[in-house]
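Written out below as structure tokens is the structure these notes cover.
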Amino acid sequence: MGSLETERKIVGWAATDSTGHLAPYTYSLRDTGPEDVLIKVISCGICHTDIHQIKNDLGMSHYPMVPGHEVVGEVVEVGSDVTKFKAGDVVGVGVIVGSCKNCHPCKSELEQYCNKKIWSYNDVYTDGKPTQGGFAESMVVDQKFVVRIPDGMSPEQAAPLLCAGLTVYSPLKHFGLKQSGLRGGILGLGGVGHMGVKIAKAMGHHVTVISSSDKKREEAMEHLGADEYLVSSDVESMQKAADQLDYIIDTVPVVHPLEPYLSLLKLDGKLILMGVINTPLQFVSPMVMLGRKSITGSFIGSMKETEEMLEFCKEKGLASMIEVIKMDYINTAFERLEKNDVRYRFVVDVAGSKLIP
């Protein structure tokens, strides 16, 4: 089909200030070009980062803001130079919708580390217009930043994989932690954490969930298949578990001490930070020196890794545990997410929602 040249007016749910309250908002989709895909949104997951953005926790928010970066939809039209997709394809869009395409990360197919990456919302596109996310009728996205959803994977199940699933898969692959028989820890059992357990188990790892209380023990062990469960405040259990883990995926999005978890790592173990925290974290240097341990971070994953991760999840039969909601429940869902009152990811049924009540 030809390139999309006319602007379209659509409805999304936007925050207009740092209260973070979302309400219907009408706006124009950006001008589209030959490389672009018009997507009708079917489902969109809610990520903890959405809260940081709509409430301006990081001091970088611009309003009105339509959040949502775990987007699954159907291709409606494609630009004249689009070769990867056709109308009717079910596709996904994640955290990034653009990059410079010329820097070292871009040329290394690691576009998520491009310094000029364009976020799927709360950013400015190359045409000077604000980007808006997936809690809306439609999106226009460069084909480079669109992935095909594997056949047989439902839109609502696929949506959280585009952020939560990818965020865990990418560092396990990059740091050489995909082989079976490793011992891994998952710190924090939220949206990312629960996918961490599932993906690590599917790779053949012995998985320990580490949590601040005992209340998620049954879920972790029986529902998600974790091998062990550690309560971080139980000093005796933490001491017994010292020097046992090859890695810890740290998903906690608030300030927390690192030393108790560094002690769980064996020689050359890695503490991989995933939570967005804008307050400095602390540790004493012998905690890393005396075991050659690493504190590192990882940010989502590349488009190539996204495709790999989706195929891996399909092959292993992995699905996220979700609660599907309509758009008019979204403000309540954000309140519940702030209290960790969700198992384990909210997904908005955008296509099935009345966007203007």
Side-chain angles (χ1 to χ4, degrees), residues 47-49 51-52 57-58 164 167-179 181-201 203 205-217 219-221 224 226-300 337-340 344:
C47 175
H48 202 279
T49 310
I51 296 174
H52 289 309
D57 289 344
L58 306 175
T167 294
V168 174
Y169 182 88
S170 176
L172 291 178
K173 179 190 174 189
H174 172 74
F175 291 117
L177 299 168
K178 280 180 72 177
Q179 70 268 34
L182 294 179
R183 299 178 75 91
I186 306 292
L187 177 54
L189 200 59
V192 176
H194 98 282
M195 282 313 303
V197 176
K198 289 184 163 225
I199 288 173
K201 283 298 295 179
M203 288 177 176
H205 297 181
H206 180 282
V207 178
T208 299
V209 168
I210 311 156
S211 191
S212 56
S213 76
D214 217 24
K215 66 182 183 184
K216 292 185 179 177
R217 181 183 294 271
E219 292 170 37
M221 305 285 284
L224 297 174
D227 299 288
E228 294 186 47
Y229 189 94
L230 264 181
V231 178
S232 54
S233 57
D234 182 341
V235 177
E236 191 180 334
S237 296
M238 289 287 281
Q239 285 173 345
K240 276 185 190 167
D243 302 319
Q244 289 189 11
L245 301 179
D246 294 290
Y247 67 87
I248 294 173
I249 300 258
D250 181 348
T251 74
V252 177
V254 294
V255 172
H256 57 288
L258 299 183
E259 290 167 8
Y261 310 110
L262 288 168
S263 70
L264 302 176
L265 294 171
K266 58 171 75 162
L267 176 65
D268 289 328
K270 289 180 170 55
L271 178 64
I272 306 167
L273 301 177
M274 307 259 157
V276 177
I277 305 168
N278 60 347
T279 308
L281 301 174
Q282 289 184 317
F283 63 95
V284 295
S285 60
M287 291 293 299
V288 292
M289 293 165 59
L290 297 177
R292 204 163 59 190
K293 299 173 185 181
S294 306
I295 298 172
T296 187
S298 180
F299 174 61
I300 52 166
L337 178 57
E338 282 196 281
K339 299 173 193 161
N340 294 322
Y344 285 91

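Every value quoted in this text rests on a predicted model; they were computed, and no experiment measured them. Hydrogens, waters and symmetry mates are skipped; everything else that's a heavy atom, side chains included, is used.
Side chain of Glu259 to main chain of Val284: a donor-acceptor pair is present (N/O by atom type, distance under 3.5 Å, no hydrogens or angles). Lys216 places a side-chain N or O within donor-acceptor distance of the main-chain N or O of Leu189, the cut-off being under 3.5 Å. His174 places no side-chain N or O within donor-acceptor distance of the main-chain N or O of Tyr169, the cut-off being under 3.5 Å. For the pair Thr208 (side chain) and Tyr229 (backbone), a donor-acceptor distance under 3.5 Å is absent. Proximity of a side-chain donor or acceptor of Asn278 to a complementary backbone N or O of Asp57 within less than 3.5 Å is detected. Lys293 places a side-chain N or O within 3.5 Å of a backbone atom of Leu265 that can act as its donor or acceptor partner. Side-chain atoms of His205 come within 3.5 Å of backbone atoms of Leu177 as a donor-acceptor pair (strictly under, hydrogens ignored).
Between Arg183 and Asp246, none of the side-chain N atoms (NZ, or NE/NH1/NH2) sits under 4.0 Å from a carboxylate O, so this pair counts as no salt bridge.
In this structure, the side chains of Ile295 and Leu281 stay at 4.5 Å or more apart for every pair of heavy atoms. Side chains of Asp227 and Lys201 form a contact here, defined as non-hydrogen atoms less than 4.5 Å apart. For the pair Leu224/Val207, no side-chain contact is recorded, criterion being any heavy-atom separation below 4.5 Å from C-beta on. Between Ile210 and Leu264, some side-chain heavy-atom pair lies under the 4.5 Å cut-off. Looking at heavy atoms from C-beta onward, Arg217 lies in side-chain contact with Val231 at the 4.5 angstrom threshold. Looking at heavy atoms from C-beta onward, Ser170 lies in side-chain contact with Ser298 at the 4.5 angstrom threshold. Residues Ser263 and Met287 form a side-chain contact, since some pair of their non-hydrogen atoms from C-beta on lies under 4.5 Å apart.
Pairing each heavy atom of Val209 with each of Ala220, the nearest pair is CG2-CB, 4.0 Å. Shown here for Met274 and Thr251, the closest heavy-atom pair between the two residues is CB-CA, 4.1 Å. Residues Gly196 and Ile186 come closest through the heavy atom pair C-CD1, 3.7 Å. In plain terms, the two heavy atoms of Ile249 and Pro171 that are nearest each other are CD1-CG, 4.4 Å. Contact between Ala200 and Tyr247 at its shortest, heavy atoms only, is CB-OH, 3.4 Å.
Once rounded to the nearest 0.5 Å, the distance linking CG of Leu262 with CG of Leu290 reads 11.5 Å. Interatomic distance, Ile300 CD1 to Thr49 OG1, rounded to the nearest 0.5 Å: 10.0 Å. To the nearest 0.5 Å, atoms CG (Leu230) and CG (Asp214) are separated by 10.5 Å. Note that CZ of Arg292 and CG of Asp268 are 4.0 Å apart. Values are rounded to the nearest 0.5 Å. Interatomic distance, CG of Leu187 versus CG of Leu271, reported as 7.5 Å (0.5 Å rounding). A distance of 9.5 Å separates CG in Asp234 from CD in Gln239, rounded to the nearest 0.5 Å.
Residues Tyr261 and His256 have side chains that never bring a donor and an acceptor to within less than 3.5 angstrom of each other.
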